[in-house]
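Input: a single structure, listed below in structure tokens.
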Amino acid sequence: MATSSFPSSSFLVYFILSLLSIHSCKGHPNNAALFIFGDSLFDAGNNNYINTSFKANFLPYGQSFFKFPTGRFSDGRLIPDFIAKYANLPLILPYLHPMNKIYVHGVNFASAGAGALADTHQGLVIDLKTQLSYFNKVTKVVEGIGHPAEAKALLSKAVYFISIGSNDYIAPFTTNSTLFQSHSPQEYVQLVIGNLTTIIKGIHKNGGRKFAFLGVGDIGCVPLVKAVFLQGKDECFENITQLVTLHNKHLYKTLQHLEKELEGFVYSYADLYTSANQISNNPAKYGFKEGKAACCGSGPFRGYFSCGGRDGEEYELCSNPNEYLFYDATHPTERANQLVAEWLWNGSSGSIKPYNLKALFNV
């Protein structure tokens, strides 16, 4: 995988874009802030600043919206970027961005490759526990500025948006995971949910009250899995699907329990598993031409992680990412991210419980 440094000119362009979006926000500073935790579905560039191979700081990533790579694993914006727009917030900068000192609108702590378990890609990512430690530092900064009551209000009115778990369930099949091998599927899922619960309680202890969770999608069906694990067969890897199904069921039950246990705790849970499968199996219904193969990559379903020519590899690139659900081996296109974000924002209680994000921001 490529590990080239983030282009210095992009630092300035990206920061200017963020500043412009800050000044264009109506109602500042009364908008609820957005704090983002998770993995590559949400990472807006934190991994640009750590020593890792999990990076998207090279073209064609970023080709559609930013016109240069920002570190996002997509051709353009991610789900949190659209949610910030709908909430009348600016682009939420990565915590590790060297110019990011503005926390009034929130911060993005997500790291590509990260999991709820510290063992998941250990040493190559910012795991969820470390993301919480960064949030703890941010709360100290917020509390040190202005009146304590204002800081408390900012943290309690903010929405804490979390996407985690995919890497915990795919990594055991790509690495030698002794943790996975020493536990049953049920026990392993309980470890993941247990770590996530600890993080939720840590955020709550620091004032967080409103939480939004993206359930794990059916990663057993993504182009990477079909190409690598299933030798190009148009099927799903049931071992992974089983874990994801257990995770989503356990997560929802845990959130219902936390609602009773934690003071002021309110949440939104989105069933990405079902929604993403509907798009993949019926792409034309949602305006896509291709719901199974990636736009950028090589091999069956373009499922090999060669997008951008990592390690000098050859790769194929589609002419129009908007026609595809997947941009690379595991990540959605900007258009797919926008579709999911619109659903999260305005969706009905049948697939988003008990609040959609628009309602959660206004609770």
Side-chain angles (χ1 to χ4, degrees), residues 1-2 4 6-7 10 14 39-45 47 53-82 112-113 166 170 217-237 272 275-343:
M1 287 183 169
S4 58
F6 190 86
S10 297
Y14 182 36
D39 51 31
S40 56
L41 282 181
F42 284 9
D43 184 1
N47 276 22
S53 55
F54 295 109
K55 292 188 178 183
N57 61 341
F58 48 89
L59 290 171
Y61 288 108
Q63 68 176 90
S64 297
F65 180 77
F66 298 98
K67 308 302 180 184
F68 60 85
T70 63
R72 291 167 170 82
F73 278 85
S74 183
D75 60 303
R77 289 164 289 183
L78 304 179
I79 294 168
D81 296 321
F82 287 106
S166 295
I170 201 168
D218 195 355
I219 52 175
C221 303
V222 298
L224 172 70
V225 171
K226 291 181 179 182
V228 175
F229 298 108
L230 302 175
Q231 290 75 52
K233 295 179 182 178
D234 187 10
E235 299 174 0
C236 298
F237 190 30
L272 181 64
S275 299
N277 272 350
Q278 289 175 348
I279 299 172
S280 179
N281 294 327
N282 305 282
K285 180 180 178 181
Y286 299 92
F288 296 101
K289 289 187 177 180
E290 178 56 63
K292 296 183 179 181
C295 167
C296 186
S298 57
F301 297 94
R302 290 182 182 148
Y304 296 144
F305 250 122
S306 58
C307 185
R310 291 182 169 102
D311 300 323
E313 295 175 279
E314 293 185 1
Y315 68 97
E316 300 173 345
L317 180 64
C318 71
S319 59
N320 185 3
N322 287 336
E323 297 177 346
Y324 284 71
L325 170 61
F326 292 100
Y327 186 65
D328 66 13
T330 61
H331 303 102
T333 58
E334 179 185 71
R335 185 171 177 275
N337 284 326
Q338 182 175 10
L339 191 67
V340 172
E342 289 173 351
W343 162 64

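Nothing here was measured: the structure is a model prediction, and the numbers come from that model. Worth knowing before you read on, the calculation uses all heavy atoms, side chains too, and leaves out hydrogens, waters and symmetry mates.
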> About how many Å separate CZ of F65 and OG1 of T70, when rounded to the nearest 0.5 Å?
Replying inline: 10.0 Å
> Between OG of S166 and CD1 of I219, what distance do you get to the nearest 0.5 Å?
Replying inline: 4.5 Å
> Could K292 and F301 be counted as a cation-pi pair, given that NZ or CZ must be under 6.0 Å from the ring centre and within 45° of the axis?
Replying inline: no
>> So, taking the atom named CZ in F326 and the one named CG in D328, what distance separates them when rounded to the nearest 0.5 Å?
In response: 9.5 Å
> With sequence neighbours excluded, what pairs up with E316 under the salt bridge (Lys or Arg N to Asp or Glu O under 4.0 Å) test?
Replying inline: R302
> Hey, does V340 have a side-chain heavy atom less than 4.5 Å from the side chain of L272?
Replying inline: yes
> Within the side chain of T333, is there an N or O that forms a donor-acceptor pair under 3.5 Å with the backbone of A336?
Replying inline: yes
> Are any of the side-chain heavy atoms of Y315 and C296 separated by less than 4.5 Å?
Replying inline: yes
> If you take all heavy atoms of A294 and A329, which pair is closest and at what distance?
Replying inline: CB-N, 4.2 Å
> If you take all heavy atoms of P321 and S64, which pair is closest and at what distance?
Replying inline: CG-OG, 4.1 Å
>> I'd like to know if the side chain of D75 reaches the main chain of Q63, judged simply by a donor and an acceptor atom lying under 3.5 Å from each other, with no hydrogens or angles considered.
In response: no
> CD/E314 to OG/S306 distance, rounded to the nearest 0.5 angstrom?
Replying inline: 9.5 Å
> Between I79 and A341, which heavy-atom pair has the shortest distance, and what is it?
Replying inline: O-CB, 4.0 Å
>> So if I apply the side-chain contact (heavy atoms from CB on, under 4.5 Å) rule between R72 and each of N57, L41, D81, D43, which one comes out positive?
In response: D81
> Is any side-chain heavy atom of F288 less than 4.5 Å from a side-chain heavy atom of R335?
Replying inline: yes
> Under a 4.5 Å cut-off applied to non-hydrogen side-chain atoms, are K289 and N320 in contact?
Replying inline: no
> Hey, does the side chain of N282 reach the backbone of K285 with a donor-acceptor pair shorter than 3.5 angstrom?
Replying inline: no
> Could you go step by step and tell me if D234 and K226 meet the side chain to side chain contact (heavy atoms under 4.5 Å, CB included) rule?
Replying inline: CA-CA 6 Å; D234 187 10; K226 291 181 179 182; 2.8 Å; yes
>> Looking at R77, is its backbone amide N or carbonyl O close enough to the side chain of E334 to form a donor-acceptor pair, meaning the two atoms are under 3.5 Å apart?
In response: yes
>> As an exercise, state the distance from CD of E313 to OH of Y304, rounded to the nearest 0.5 Å.
In response: 10.5 Å
>> Going by the rule side-chain contact (heavy atoms from CB on, under 4.5 Å), which residues pair with K233 if we only count those two or more places apart in sequence or in a different chain?
In response: L230, E235
> Taking the six-membered ring for Trp, is the centroid-to-centroid distance between Y61 and F73 below 6.0 Å?
Replying inline: yes
>> Could you walk me through whether F54 and S40 satisfy the side chain to side chain contact (heavy atoms under 4.5 Å, CB included) test, starting with their C-alpha distance in whole Å, then the side-chain angles of each, then the deciding distance to 0.1 Å, before giving a yes or no?
In response: CA-CA 9 Å; F54 295 109; S40 56; over 6 Å; no
> Do L224 and I170 come within less than 4.5 Å of each other through their side chains, counting heavy atoms only?
Replying inline: yes
> So which heavy atom on P60 is nearest to which on G308, and how close?
Replying inline: CD-CA, 3.6 Å
> Which atom pair, heavy atoms only, marks the closest approach of G232 to P300?
Replying inline: CA-CB, 3.6 Å
> Do Y286 and Q278 come close enough that some side-chain heavy atom pair is under 4.5 Å?
Replying inline: yes
> Does the side chain of N337 come within less than 4.5 Å of S74's, by heavy atoms?
Replying inline: yes
>> When you compare the side chain of L317 with that of Y327, does any pair of heavy atoms fall below 4.5 Å?
In response: yes
